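The next block holds one structure in the form of C-alpha cells; read it before the comments.
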Amino acid sequence: MITNSVNRLLVVLLLLVLTGCASTARFPDNPALANVNSMPVERKANRQDNDILLAMTFSGGGSRASALAYGVLEELKHTPVSTNESHRLTDEIDLISSVSGGSITAAYYGLYGDKLFTDFRRDFLEQDIESELTSKTFSPVTLSRLTSPTFGTGDVLDEFFSSKLFAGASIDKLLDGDGPQVQINATDLFKGGSFGFTQEQFALICSDPAQFPISRAVAASCAVPIIFSPVTMSNRAGSCGHVPPAWFYTALLEDGSNPRRHQRARLLSAYLDQENHPYIHLLDGGLTDNLGLRALIDKLIEEDGMWNTLKRFEQHNVKHIAIIVVNAASVTPSQWELQNTNPPDSAVIDAATTIPLVNYNFETLEYFRQNLPDWQREIVEGQCQDQAPCSDQPIYLIEVNLQDIADEALRKELTQVPTGFTLPEGSAKKLITAGRTLLRQHPEFIRLIENLAER
C-alpha cells in the first residue's frame with residue numbers, strides 16, 4: 001500500500017513541477033539556542049527505589065514494534081516491585097532509548113505517562129494510520145507544498161504526528177526528569193552515524209530543545225528512506241558558548257589506543273565544523289541501530305566503561321541494573337526460495353532492508369554480551385571493596401524478541417507482520433500479549449523479580 005502511494009505521489013509531483021506549480025514551502029527550522037547556560041540542567045528521573053536502575057530500548061519495525069513495546073510496558077505496570085501493590089516497575093524506568101516505530105510508543109509514554117495504557121491503543125495501534133497519512137499527503141494543499149525543494153514527506157509525517165499524537169509538545173518534556181528520560185534516535189544521513197535527540201546533542205548544535213517538537217524527532221526516527229524524505233535541521237554549532245566534555249578532547253587523540261571512542265569523537269567533531277556542515281538531514285534511526293541499544297553503548301564508550309558511566313550519572317550505588325531490549329525484528333518470508341523465477345521488486349527490497357538490520361542487531365547484542373562480564377566485574381570491584389555481601393551479577397540483560405515465541409504458528413505470524421503504520425486486524429492484541437508473555441517468562445526478568453523480593 002505504501003509503495004503504491006509513493007508511486008502515485010511521484011507522478012503527481014512531477015506533473016505539478018512540469019506545469020510550473022512549484023511551491024516555496026520550507027521545513028520548520030529548529031530555533032537557535034542563544035546561550036548554552038540557559039538550557040535547564042538535565043535532572044535525574046524521579047525513581048522511588050534507588051536500588052534499581054532500569055533502562056529500556058525499543059526497536060524499529062513500524063507499528064509492530066510500537067505494539068510490542070506497549071506490551072512490555074504494560075507487563076511492567078502490572079509487576080509490583082515490593083509488597084506495596086501500588087509500587088510498580090514502570091515507576092522505576094530511568095531511560096528509554098528508541099528508534100523508528102519504537103519511538104512512537106516511547107515518546108507517547110514519556111509525554112503522557114500512564115495515559116499510554118488507556119489511550120494509545122485507541123489513538124494509534126488500532127487505527128488505519130496509513131490511510132490517514134495518505135489522505136493528508138494527497139490533499140491539494142500538501143501536494144502543492146511538496147513541489148518545494150525545501151519541504152518533503154518527512155515534514156508531512158512531522159505534521160501528522162503532531163496533530164495525531166503529540167499536540168505540538170516540545171522535546172524538553174521528554175528530558176526534564178519528570179518520569180523516564182526518553183532518547184529518540186535518528187540517523188544522520190551524510191555523517192553515517194546515529195543522532196540522538198538529547199540535551200547534549202542540542203547543546204552541540206546550539207538548538208533550543210524547549211522549542212523543538214516531539215513530533216519532529218519521532219518523524220525523523222521513523223522516516224524510512226524513499227518512502228519519506230529526510231527531516232532537516234540547522235546546525236548552529238559554535239554560536240551558543242557550548243564547550244565539549246573533557247572525554248571528547250582525550251578521545252580525539254586515542255585513534256590507536258581506544259578506536260571506538262576515537263570514532264565516536266570524530267563523528268561529533270563534524271558538527272563543530274559548522275561552516276562545512278550547516279544542515280543536518282535525518283532519516284530512520286534503524287539505519288544505524290535498529291535496537292536503540294547503541295545509544296547506551298555509545299555512552300559506555302564515551303565514559304570508558306560501566307563503572308565510570310554510573311559514577312558520571314551518580315548511579316554508582318544501585319544494586320540492580322536491568323536493561324530490557326525490546327526487539328521486534330521481522331523475518332523475511334522464504335517462499336521465493338521454492339521458485340526458480342526472479343522475485344518481485346517488493347520481495348527484493350524487503351529482503352535487502354531486513355537482512356542487514358537483523359545482522360546488525362546480532363552484532364550489537366553480541367558486543368554487549370561479550371563485554372557484560374567485564375562490566376559486571378567493574379561494578380563489583382567498585383561497589384564492594386569494603387562492603388559484603390555483594391552481588392556478583394548486578395546487571396540483568398533481558399531481550400524480548402518475537403523470534404523467541406514458543407508457538408511456531410504465532411511466531412511466524414507476528415514476525416511477518418508488515419513493517420508499516422497499520423496493523424492487520426487482531427495483530428495489535430497478539431503483539432501486546434506476546435510482549436507481556438515474553439518478558440514475564442524471561443529467565444533474567446524472573447531473577448530480577450526474585451532478587452528484588454529478597455531484599
Side-chain angles (χ1 to χ4, degrees), residues 2 55-76 96-109 116 120-121 124-126 129-130 182-187 218 221-224 284-296 323-333 350-351 353-365 368 397-407 410-424 426-442 445:
I2 291 181
M56 306 183 71
T57 73
F58 294 168
S59 79
S63 290
R64 182 183 66 250
S66 303
L68 187 66
Y70 174 93
V72 172
L73 285 171
E74 191 169 72
E75 183 63 23
L76 292 176
I96 302 175
S97 170
S98 63
V99 295
S100 199
S103 291
I104 303 170
T105 306
Y108 197 99
Y109 183 62
L116 175 90
F120 189 62
R121 292 179 68 166
F124 184 76
L125 293 179
E126 296 172 351
I129 298 298
E130 289 180 8
V182 176
Q183 177 173 333
I184 296 169
N185 299 287
T187 296
V218 174
S221 187
C222 292
V224 177
D284 188 343
L287 296 174
T288 47
D289 170 24
N290 203 43
L291 290 175
L293 186 58
R294 289 297 317 183
L296 275 65
I323 300 167
I324 300 177
V325 179
V326 184
N327 185 357
S330 62
V331 174
T332 304
D350 187 26
T353 54
T354 299
I355 293 171
L357 293 182
V358 170
N359 291 338
Y360 192 56
N361 287 353
F362 171 81
E363 294 297 336
T364 300
L365 275 166
F368 202 95
L397 178 59
I398 304 163
E399 184 191 6
V400 176
N401 191 332
L402 285 177
Q403 297 186 46
D404 291 333
I405 295 174
D407 184 288
L410 180 62
R411 180 174 67 250
K412 182 177 180 180
E413 176 187 351
L414 295 186
T415 55
Q416 294 184 12
V417 168
T419 302
F421 287 138
T422 298
L423 292 170
S427 292
K429 182 177 180 180
K430 292 179 182 179
L431 285 160
I432 292 167
T433 301
R436 295 194 62 174
T437 303
L438 288 167
L439 177 63
R440 189 188 314 127
Q441 296 178 349
H442 196 285
F445 186 70

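Bear in mind the structure is a predicted one, so any value in this text is a computation, not a measurement. Just the heavy atoms: all of them, side chains too, but no hydrogens, waters or symmetry mates, feed the values below.
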For a side chain to side chain contact (heavy atoms under 4.5 Å, CB included) check, start with the C-alpha distance between Ile104 and Cys222, then their side-chain angles and the critical distance, and finish with the verdict. CA-CA 8 Å; Ile104 303 170; Cys222 292; 4.0 Å; yes
Kindly write out the residues that satisfy side chain to side chain contact (heavy atoms under 4.5 Å, CB included) with Leu438, not counting sequence neighbours, or none if the list is empty.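 Leu438: side chain to side chain contact (heavy atoms under 4.5 Å, CB included) contacts with Val400, Asp404, Ile405.
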Suppose we screen for side chain to side chain contact (heavy atoms under 4.5 Å, CB included). Which residues come up paired with Ala106, at least two apart in sequence or across chains?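 With neighbours one apart ignored, the set is Phe58, Ile96, Ser98, Val182.
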My understanding is that only residues two or more places apart in sequence, or in another chain, count here; which of them pass salt bridge (Lys or Arg N to Asp or Glu O under 4.0 Å) with Arg64?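 None.
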Could you work out, with salt bridge (Lys or Arg N to Asp or Glu O under 4.0 Å) as the rule, every residue matching Arg436, not counting sequence neighbours?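 Arg436 satisfies salt bridge (Lys or Arg N to Asp or Glu O under 4.0 Å) with Glu74, Glu75 only.
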Looking at [X] and [Y], what are the two nearest heavy atoms and their distance?
{"X": "Leu402", "Y": "Leu414", "answer": "CD1-O, 3.9 Å"}
{"X": "Arg440", "Y": "Phe445", "answer": "CA-CD2, 4.0 Å"}
{"X": "Leu296", "Y": "Ala55", "answer": "CD2-CB, 4.0 Å"}
{"X": "His442", "Y": "Leu397", "answer": "CE1-O, 3.7 Å"}
{"X": "Ala428", "Y": "Ala67", "answer": "O-CB, 4.4 Å"}
{"X": "Thr419", "Y": "Ser330", "answer": "OG1-OG, 4.4 Å"}

Polar side-chain atom of Ser97 near backbone of Ala295 as donor-acceptor pair, under 3.5 Å: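 No, Ser97 side chain to Ala295 backbone: no donor-acceptor pair under 3.5 Å.
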Taking Asn185's backbone N and O only, do any of them form a donor-acceptor pair with Ser221's side chain (distance below 3.5 Å, no angle check)?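 At least one qualifying donor-acceptor pair exists.
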Is any side-chain heavy atom of [Y] closer than 4.5 Å to one of [X]?
{"X": "Leu287", "Y": "Val99", "value": "no"}
{"X": "Thr57", "Y": "Ile324", "value": "no"}
{"X": "Phe120", "Y": "Tyr70", "value": "yes"}
{"X": "Val218", "Y": "Tyr108", "value": "no"}

Scan residues 426-435 for pairs that pass salt bridge (charged side-chain N to carboxylate O under 4.0 Å, His left out), counting only residues two or more places apart or in two chains.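 Passing the test, one end in residues 426-435: Glu413-Lys430.
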With no hydrogens and no angle check, just 3.5 Å: does a side-chain donor-acceptor pair link Asn361 and Glu363?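 No, because no side-chain N or O of Asn361 sits under 3.5 Å from a partner of the opposite role on Glu363.
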Within the 3.5 Å criterion, strictly below it, is a donor on Thr288 or Thr187 matched to an acceptor on the partner's side chain?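 Short answer, yes.
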Those residues that, when tested against Asn401, pass side chain to side chain donor-acceptor pair (under 3.5 Å) (two or more places apart):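 Asn401 satisfies side chain to side chain donor-acceptor pair (under 3.5 Å) with Glu399 only.
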Would Ser100 and Asn290 satisfy side-chain hydrogen bond (donor to acceptor under 3.5 Å, both in side chains), going step by step from the backbone distance to the final call? CA-CA 8 Å; Ser100 199; Asn290 203 43; 5.4 Å; no
Please test Arg411 against Val331 for side chain to side chain contact (heavy atoms under 4.5 Å, CB included), starting from the C-alpha separation and ending with a verdict. CA-CA 10 Å; Arg411 180 174 67 250; Val331 174; over 6 Å; no
Take Ser59 and Val326, measure what side chain to side chain contact (heavy atoms under 4.5 Å, CB included) needs, and give me the verdict at the end. CA-CA 6 Å; Ser59 79; Val326 184; 5.7 Å; no
Going from CD1 on Ile323 to CZ on Phe368, what distance comes out if it is rounded to the nearest 0.5 angstrom?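 With rounding to 0.5 Å, CD1 (Ile323) is 3.5 Å from CZ (Phe368).
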